[in-house]
Amino acid sequence: MLGVSRKIIPLVFWICMLLLFTSSGSTKNDDAYQYLEVGKYSIQTTGVLEEMLRGAVYFTTETKISETGVSYASLAICFNTNIENESHKMKFLISEKNPNNRIDAGVYKVAHKFDGLLNYFDGVFGFADVEKLGELPFFASDGKIRIDAIDEEILKGSIAIVLEKNSGETISVSGNFVAPIAKKNQINE
């Protein structure tokens, strides 16, 4: 009887520990958004620009049909601020072949290959224009955007992307955002 107890007690202990560690975690990363207001972002940059970027964010959605009749859903996320001496603008376009005509929650990686017009590709395309780093833009070269939640009004997600200039300078951006759907006056900004 003592030999059986010595085997069962450690087994029960490890099963309890496993249940404790796996049940306490949430499947969604809601803590990442608890300090962000709707329409705001918090992004840390490294590389040729090392600072915390904050500002306004919004998103738009669209569906396009290619010349071959394939449906592509797209989602644009626009980040910007006009703080004196810290002006920056970033825009990321997520596009994918999608018969449901919408971008859903999930992870979207930077596209490295474009077979045609920018409207018809699978993945992420993006750019950043940072006033203090000159006139040339940075373009997304690697990384991903994660969408944790999306509906008709709000998009919650995170970004971890490397942007690069033609000169080889890079900026890594990572952080979280809570974006509302764009108002009509924001779309052409």
Side-chain angles (χ1 to χ4, degrees), residues 25-62 73-96 102-111 118 123-189:
S26 171
T27 58
K28 290 193 176 186
N29 195 5
D30 289 333
D31 291 342
Y33 309 109
Q34 71 180 355
Y35 298 108
L36 287 176
E37 296 175 34
V38 172
K40 300 294 182 185
Y41 63 90
S42 179
I43 294 176
Q44 179 65 49
T45 65
T46 58
V48 295
L49 180 69
E50 295 203 14
E51 59 187 56
M52 183 65 78
L53 301 179
R54 290 185 172 88
V57 61
Y58 61 88
F59 77 100
T60 61
T61 60
E62 189 174 15
S74 67
L75 183 143
I77 308 168
C78 302
F79 302 85
N80 64 53
T81 187
N82 289 321
I83 298 171
E84 191 173 326
N85 299 325
E86 294 183 27
S87 181
H88 64 269
K89 182 178 278 192
M90 295 184 287
K91 186 171 186 176
F92 297 92
L93 180 65
I94 300 171
S95 176
E96 74 174 355
R102 69 173 193 244
I103 300 291
D104 293 316
V107 175
Y108 299 89
K109 295 182 179 182
V110 169
L118 197 54
V124 175
F125 170 80
F127 71 89
D129 183 14
V130 182
E131 187 175 286
K132 67 169 86 174
L133 296 178
E135 294 180 12
L136 295 176
F138 289 78
F139 292 97
S141 62
D142 197 20
K144 62 187 174 186
I145 293 178
R146 187 182 76 230
I147 297 175
D148 290 321
I150 184 170
D151 61 30
E152 295 80 23
E153 301 293 322
I154 302 289
L155 167 67
K156 291 182 179 181
S158 64
I159 185 169
I161 289 186
V162 176
L163 298 132
E164 187 173 350
K165 264 189 187 181
N166 286 341
S167 63
E169 294 176 301
T170 63
I171 301 172
S172 294
V173 296
S174 61
N176 300 308
F177 56 90
V178 179
I181 190 79
K183 298 175 184 169
K184 288 185 181 188
N185 64 341
Q186 289 177 310
I187 294 174
N188 294 320
E189 285 183 350

How far does [atom1] of [X] sit from [atom2] of [Y], to the nearest 0.5 angstrom?
X    : Y    : atom1 : atom2 : result
F139 : I161 : CZ    : CD1   : 13.5 Å
F138 : S167 : CZ    : OG    : 6.5 Å
E153 : F59  : CD    : CZ    : 7.5 Å
I145 : I77  : CD1   : CD1   : 4.5 Å
I159 : F92  : CD1   : CZ    : 3.5 Å
L93  : F127 : CG    : CZ    : 10.0 Å

Shortest non-hydrogen contact from [X] toward [Y]:
X    : Y    : answer
E135 : D129 : O-OD1, 4.3 Å
I103 : A73  : CD1-O, 3.6 Å
A140 : V110 : O-CG1, 3.9 Å
A105 : I150 : N-CG2, 4.0 Å
P180 : G39  : CD-CA, 3.4 Å
T81  : G55  : CB-CA, 4.3 Å

- Applying salt bridge (Lys or Arg N to Asp or Glu O under 4.0 Å) to D104 and not counting sequence neighbours gives R102
Would you indicate whether the side-chain heavy atoms of [Y] and [X] approach each other to under 4.5 Å?
X    : Y    : value
I94  : I147 : yes
I181 : Y58  : no
V124 : K144 : no

- Message: I need the full list of salt bridge (charged side-chain N to carboxylate O under 4.0 Å, His left out) pairs touching residues 164-173, with sequence neighbours left out, sorted by first then second residue.
- Response: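 Pairs touching residues 164-173 that pass the test: K165-E169.
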- Determine whether more than 12 heavy atoms belonging to other residues, nucleotides or ligands lie under 6.0 Å from atom CG of N166.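 No.
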Can you give the donor-acceptor pairs under 3.5 Å from side chains of residues 43-52 to other protein atoms, not counting sequence neighbours?
unit_1 : atom_1 : unit_2 : atom_2 : d
Q44    : NE2    : E51    : O      : 3.3
T45    : OG1    : L49    : O      : 2.7
T45    : OG1    : E51    : N      : 3.1
T45    : OG1    : E51    : O      : 3.0
E51    : OE1    : K132   : NZ     : 3.0

- Steps toward side-chain contact (heavy atoms from CB on, under 4.5 Å) verdict (V38, I154): CA-CA 8 Å; V38 172; I154 302 289; 3.4 Å; yes
- Query: Do the ring planes of F79 and F177 sit parallel (below 30°), tilted (30 to 60°) or perpendicular (above 60°)?
  - Reply: perpendicular
